[in-house]
Amino acid sequence: MPLRIVRLGTPRAPDEGLRIGTVRRPPRGVRKDRWAADDWFDVWLPELSPSPDLVTKAHAAATAAEWTAFTRAFRAEMNEPAARRLLDLFAALSHHAAVSVGCYCEDETRCHRAVLRELLSARGAWIV
């Protein structure tokens, strides 16, 4: 049962499993009891999202160099012990349970999801 990298708020894929929101903030204007029902996420896990300062830098990144600087800084945050343990957990879960992680960004190539995909893959995660 592989791990999926998804865009939050989109319809769930069949057998997607537990959807984890790796975002800094929950969806605006959506009550907590609607998060799962409206296909946002089942569990909110901001620990796998960029810090507030990095979110600002990601949104402001207009050039390839600025985006590269963001990804480098986000990788450094994900190299902290707590984040490393969470990434290891998700990589291991990908071989035993249906789980998905995601963010709101429309374009994954300009989203921290792309970095999470690479970090999880490097840990041996089975990713669809």
Side-chain angles (χ1 to χ4, degrees):
M1 306 208 89
L3 183 129
R4 294 179 185 272
I5 309 294
V6 300
R7 181 175 181 207
L8 302 178
T10 60
R12 293 173 190 253
D15 302 321
E16 183 176 305
L18 187 70
R19 188 178 270 200
I20 310 294
T22 61
V23 291
R24 185 57 39 197
R25 305 240 186 277
R28 290 182 180 165
V30 179
R31 292 189 340 252
K32 186 176 182 178
D33 65 339
R34 298 299 310 167
W35 291 351
D38 293 344
D39 288 333
W40 293 103
F41 46 76
D42 301 303
V43 177
W44 179 34
L45 188 66
E47 292 81 3
L48 287 182
S49 69
S51 64
D53 288 343
L54 276 185
V55 170
T56 300
K57 288 179 183 177
H59 290 157
T63 66
E66 290 170 337
W67 183 253
T68 299
F70 160 76
T71 61
R72 190 177 319 114
F74 180 55
R75 284 175 177 280
E77 287 185 352
M78 292 297 100
N79 198 35
E80 292 294 320
R84 283 196 323 259
R85 286 190 294 272
L86 285 171
L87 292 168
D88 290 342
L89 171 66
F90 280 102
L93 282 173
S94 74
H95 295 274
H96 302 283
V99 179
S100 59
V101 297
C103 180
Y104 309 123
C105 298
E106 185 174 351
D107 180 3
E108 183 179 322
T109 65
R110 296 287 287 188
C111 178
H112 79 283
R113 290 193 321 259
V115 178
L116 288 177
R117 179 184 296 276
E118 293 170 2
L119 293 171
L120 289 162
S121 181
R123 286 171 163 73
W126 181 22
I127 302 173
V128 173

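Values below: every heavy atom of this structure, side chains too, minus hydrogens, waters and symmetry copies.
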Inset, instruction - Applying side chain to side chain contact (heavy atoms under 4.5 Å, CB included), run through His112 and Phe70 and close with a yes or a no. - result: CA-CA 9 Å; His112 79 283; Phe70 160 76; 4.1 Å; yes
Tested for side-chain contact (heavy atoms from CB on, under 4.5 Å) against Leu48, the lone hit among Thr22, Leu120, Leu119, Val23 is Thr22
Q.
Measuring only between side-chain heavy atoms, which start at C-beta, is Lys57 closer than 4.5 Å to Glu66?
A. no
Hits for salt bridge (charged side-chain N to carboxylate O under 4.0 Å, His left out) against Arg117, two or more places apart or cross-chain, chain-then-number order -> Glu108
message = With a sphere of 6.0 Å drawn around CZ of Arg25, does it hold more than 12 non-hydrogen atoms of other residues, nucleotides or ligands?
response = no
- Query: With a 4.5 Å heavy-atom cut-off, do Val115 and Met78 have their side chains touching?
  - Reply: no
With side chains defined as the heavy atoms from C-beta onward, is the minimum distance between Arg12 and Val6 less than 4.5 Å?
no
Taken in chain and number order and not counting sequence neighbours, the residues that satisfy salt bridge (charged side-chain N to carboxylate O under 4.0 Å, His left out) with Glu47 are none
Between Ile20 and Phe90, is any pair of side-chain heavy atoms under 4.5 Å apart?
yes
TODO: Report the C-alpha separation of Arg123 and Arg84 in whole Å, then their side-chain angles, then the decisive distance to 0.1 Å, and conclude whether the side chain to side chain contact (heavy atoms under 4.5 Å, CB included) test is met.
DONE: CA-CA 10 Å; Arg123 286 171 163 73; Arg84 283 196 323 259; 3.5 Å; yes
Greater than 12 external heavy atoms within 6.0 Å of Asp33's CG | yes
Heavy-atom distance under 4.5 Å between the side chains of Pro50 and Arg24, does that happen here? no
Rounded to the nearest 0.5 Å, the CD atom of Glu77 sits from the CG atom of Asn79 at a distance of 11.0 Å
Next item on the list: Evaluate side chain to side chain contact (heavy atoms under 4.5 Å, CB included) for Arg110 paired with Cys105, printing each intermediate quantity in order.
Entry: CA-CA 8 Å; Arg110 296 287 287 188; Cys105 298; over 6 Å; no
